[in-house]
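Written below as structure tokens is the structure these notes are about.
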Amino acid sequence: MTKTTMTAALLALALVAAPSLGGAQSVPGASSRAPIMWGADLLEVEGNTLTLVGNAELLQGGNRLRADRIAGLSQTGDSRLEAAGNVYFVTPEQTIRGDRAVYTTGNDTIVVTGDVILTQGQNVLTGSRLTYNTRTGSARVEGAPTSAGNRVQGVFYPEGND
């Protein structure tokens, strides 16, 4: 592996591995002790589970999960949140955009699929599937299909270059 390729690989890992604390009943990456604020055009309640429809948004700490629809927020235990349509997961350091996302609070993992775009400052990473553990900061990005095969692509700006 060349030094340039290794540097790019390390930057890619640093871009997606912003460690944070996650926990049951939390917006991905937020402290589970912070209150959860939510909003939507329509709220559906079935038992202890909430579904937010239309401009759906969950806020906790400095993190935000937005989508056209967010289903599965449980008021009594671990949740499996399913977000669909114009999905954004925004932290103070990065923004992840995709078509769909599933966040499982039991294992602190969010999986974003579709046209995935991850930005951190000027740095950009694209693929078709991003799996991110909000507790450990570990991540895996899978490539989007192209004529040359599945590809993960990115643009990184070294610090200090303006």
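Atoms CG and OH, from L65 and Y103 in turn, are 10.0 Å apart once rounded to the nearest 0.5 Å. With rounding to the nearest 0.5 angstrom, the CZ atom of R80 is 11.5 Å from the OG1 atom of T109. Within the model, atoms CZ of R66 and CG of L58 stand 12.0 Å from one another, a figure rounded to the nearest 0.5 Å. Rounding to the nearest 0.5 angstrom, the gap separating the CD atom in E82 from the CD1 atom in I70 is 11.5 Å.
A donor-acceptor contact shorter than 3.5 Å is absent between the side chain of S138 and the backbone of T136. T91 places a side-chain N or O within 3.5 Å of a backbone atom of E93 that can act as its donor or acceptor partner. Formation of a donor-acceptor pair under 3.5 Å by the D108 side chain with backbone atoms of N133 is not found in this model.
Taking T126 as the reference, I117, V124, Q153 meet the side chain to side chain contact (heavy atoms under 4.5 Å, CB included) condition, with sequence neighbours excluded. Partners of A101 under the side chain to side chain contact (heavy atoms under 4.5 Å, CB included) rule, at least two apart in sequence or in another chain, are A83, V87, I110, V112. Here D99 pairs with R97 under the salt bridge (Lys or Arg N to Asp or Glu O under 4.0 Å) rule; sequence neighbours left out. Checked against side chain to side chain donor-acceptor pair (under 3.5 Å), D115 has no partners two or more places apart in sequence or in another chain.
Each salt bridge (Lys or Arg N to Asp or Glu O under 4.0 Å) pair with one or both residues in residues 49-61, not counting sequence neighbours, appears once here: E57-R64. Applying the salt bridge (Lys or Arg N to Asp or Glu O under 4.0 Å) test to every pair with at least one member in residues 117-130, sequence neighbours left out, gives these pairs: R129-E142.
At a threshold of 4.5 Å between side-chain heavy atoms, the hydrophobic network of Ile, Leu, Val, Met, Phe, Trp and Tyr places L73 and V53 in two separate groups.
The other residues sharing a hydrophobic cluster with Y88 are V90, where clustering joins ILVMFWY side chains under 4.5 Å apart.
Minimum heavy-atom separation, T51 to G72: OG1-N, 4.2 Å. Contact between S128 and G143 at its shortest, heavy atoms only, is OG-O, 2.7 Å.
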Identify each donor-acceptor pair in which a side-chain atom of residues 34-50 lies under 3.5 Å from a protein atom, sequence neighbours left out, and give them as a table.
residue, atom, partner, partner atom, Å
D41, OD1, N55, ND2, 3.4
D41, OD2, N55, ND2, 2.9

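Remark: of the listed residues T113, V111, V141, V111 is the sole one forming a side chain to side chain contact (heavy atoms under 4.5 Å, CB included) with T131.
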